[in-house]
Amino acid sequence: MTSREILHKMKEKAGLGSSSDSGKGKSKMSKHITHGYHLVKGKSHHAMEDYVYAQFKQVDDNELGLFAIFDGHLSHEIPKYLRSHLFETILHEPGFWTEPENAIRRAYRVTDTDILEKAVDFGKGGSTAVTTILINCQKLVVANVGDSRAVVCKNGVAKQLSVDHEASTEKQIIESRGGFVSNFPGDVPRVDGQLAVARAFGDKSLKEHLSSEPDVVVEMIADDTDCIILASDGLWKVMSNQEAVDAIKNIKDARSAAKLLTEEALNRNSTDDISCVVVKFH
């Protein structure tokens, strides 16, 4: 194997792909759990702003499945930074193993502060995030800011685990901070007429009116769990949760499932960057 092939293999394992890439992996703790990811650049003229993280990681006697989608807006540096640093920050938070939900909230706040302090380097813009941590194949902890989404399928039924932080749903909070939500004909509601999500990392110019506080939820994995789908809004703009799980219910290979979802989003004329992670429980 050449050094170039080895480098690609390392990138694939950690989900550190290029602007159109895919990869897969599997749990060592349970041979029945596999993951795959696929991402494609949208039709816009800017650089790819979606980043994926997908990897199983051994920590002492524990196994963690770390999966995330970071969807940048007016920035590819911030989601790139999140991919490199957010999980590391979460896992180094005191109390992660005893109170993972609180540790994740603290890590999101610390990370956002770091990004804002580096605004000169990163420039304007920001990023959504949805992160899932599968602890020892049993406990799933999901956190998100923005509209990248996590969905679990149990007995064939889709259940959304994350919260879409849309400007319209958090209008009162935004206005209480001195901001406003625009609602122009033919456009989605936007914070201060600019951003379509009410929570995000970065966005220093809007931060007084935005939040980076994540919604966090815990879901236990049981025998009826079929799969988990994480995706940026490039997928969810054109597919419902149930349509997504129905589309991949007969596909055993997780990477093939993720690729099919991105291709279906393109077939439905999604013009945004599209990134998707699928975790299959066989």
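Being a predicted model, the structure only gives us computed values, none of them experimental.
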Considering residues at least two apart in sequence or located in another chain, which fulfil the salt bridge (charged side-chain N to carboxylate O under 4.0 Å, His left out) criterion with K154?
E219
Answer whether the closest heavy-atom distance between the side chains of L39 and M48 falls below 4.5 Å.
yes
Any residue meeting salt bridge (charged side-chain N to carboxylate O under 4.0 Å, His left out) with D164, in chain and number order, not counting sequence neighbours:
R149
Donor-acceptor pairs are to be reported for all side-chain atoms of residues 189-199 against protein atoms at under 3.5 Å, with residues two or more places apart or in another chain.
unit_1 : atom_1 : unit_2 : atom_2 : d
R190   : NE     : D187   : OD1    : 3.3
R190   : NE     : D187   : OD2    : 2.8
R190   : NH1    : Q194   : O      : 3.1
R190   : NH2    : D187   : OD1    : 3.2
D192   : OD1    : F180   : N      : 3.0
D192   : OD1    : H209   : ND1    : 3.4
D192   : OD2    : H209   : ND1    : 2.6
R199   : NE     : E170   : OE1    : 3.3
R199   : NE     : E170   : OE2    : 3.0
R199   : NH1    : E213   : O      : 2.8
R199   : NH2    : E170   : OE2    : 3.2

If the condition is side-chain hydrogen bond (donor to acceptor under 3.5 Å, both in side chains), which residues does S240 pass it with, not counting sequence neighbours?
E243
Report the residues that fulfil side-chain hydrogen bond (donor to acceptor under 3.5 Å, both in side chains) with S212, sequence neighbours left out, ordered by chain and then residue number.
D112
Determine whether the aromatic ring centres of residues H35 and F56 are separated by less than 6.0 angstrom.
yes
Can a salt bridge be assigned to the pair K237 and D272 using a cut-off of 4.0 Å between side-chain N and carboxylate O?
yes
Checking Y81 now: which residues fulfil side-chain hydrogen bond (donor to acceptor under 3.5 Å, both in side chains) with it, not counting sequence neighbours?
none
If the condition is side-chain contact (heavy atoms from CB on, under 4.5 Å), which residues does E77 pass it with, not counting sequence neighbours?
S75, K80, F122
T225: partners by side-chain hydrogen bond (donor to acceptor under 3.5 Å, both in side chains), with sequence neighbours left out:
none
D224: which residues meet the salt bridge (charged side-chain N to carboxylate O under 4.0 Å, His left out) condition with it, sequence neighbours left out?
none
D147: partners by salt bridge (charged side-chain N to carboxylate O under 4.0 Å, His left out), with sequence neighbours left out:
none
K26: partners by side-chain contact (heavy atoms from CB on, under 4.5 Å), with sequence neighbours left out:
T34
Please lay out, stage by stage, how N144 and S162 fare under the test side-chain hydrogen bond (donor to acceptor under 3.5 Å, both in side chains).
CA-CA 6 Å; N144 83 294; S162 57; 4.6 Å; no
What donor-acceptor contacts under 3.5 angstrom involve side-chain atoms of residues 65-72, with partners at least two apart or in another chain?
none

